[in-house]
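Note sheet for the following structure.
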Amino acid sequence: EEAVAQAKRVRQCTAEFEDWADEHFGTGPPPWDSVEGENFDNDSEVLIRVVRQSVLDAEKKADEALLQKAARTAAQKQQKKKKQKESALQRSGKVHYSFPGPP
């Protein structure tokens, strides 16, 4: 209950929820998403929700794992592209001065 009360205080002090949130959400509990206000000229979106710390930690861990996987995939694609270029240059038998050599 205290967490929901604090979330409501945050919502009342957040510009993205001005002038419409109290009427739209009423006394309902979070989550509250500013995109529901259809204020499309805003450059930001605010989501207010109340969750246990363990849930937040699990989400953060999952997000970090996803970012690491994306970084590995991007690096593998870049390495594959570089090897394809190197292979094509070797097959051509021509000197290519602008292609960087191995470090």
Heavy-atom distance under 4.5 Å between the side chains of Gln78 and Lys81, does that happen here?
no

Which pair of non-hydrogen atoms, one from Val46 and one from Phe17, has the smallest distance, and what is that distance?
O-CZ, 3.5 Å

Can you list, pair by pair, the side-chain donor-acceptor contacts under 3.5 Å of residues 6-14, counting residues two or more places apart and other chains?
residue : atom : partner : partner atom : Å
Gln6    : OE1  : Arg9    : NE           : 3.2
Gln6    : OE1  : Arg9    : NH2          : 2.8
Arg9    : NH2  : Glu2    : OE2          : 3.1
Arg11   : NH2  : Asp22   : OD1          : 2.8
Thr14   : OG1  : Val10   : O            : 2.6

Closest approach of Ile48 to Pro30 (non-hydrogen atoms, all atoms of both residues)
O-CB, 3.7 Å

For a 4.5 angstrom cut-off between non-hydrogen side-chain atoms, does His24 reach Glu36?
yes

Crowding at CD, Gln84 (>12 non-hydrogen neighbours, <6.0 Å):
yes

Measure the NZ-CD distance between Lys80 and Gln76 for me, rounded to the nearest 0.5 Å.
10.0 Å

For residues 57-65, please give each side-chain donor-acceptor pair under 3.5 Å, one per line with the distance, not counting sequence neighbours.
residue : atom : partner : partner atom : Å
Asp57   : OD1  : Gln53   : NE2          : 2.9
Glu59   : OE1  : Arg49   : NH2          : 2.3
Glu59   : OE2  : Arg49   : NH1          : 3.2
Glu59   : OE2  : Arg49   : NH2          : 3.4

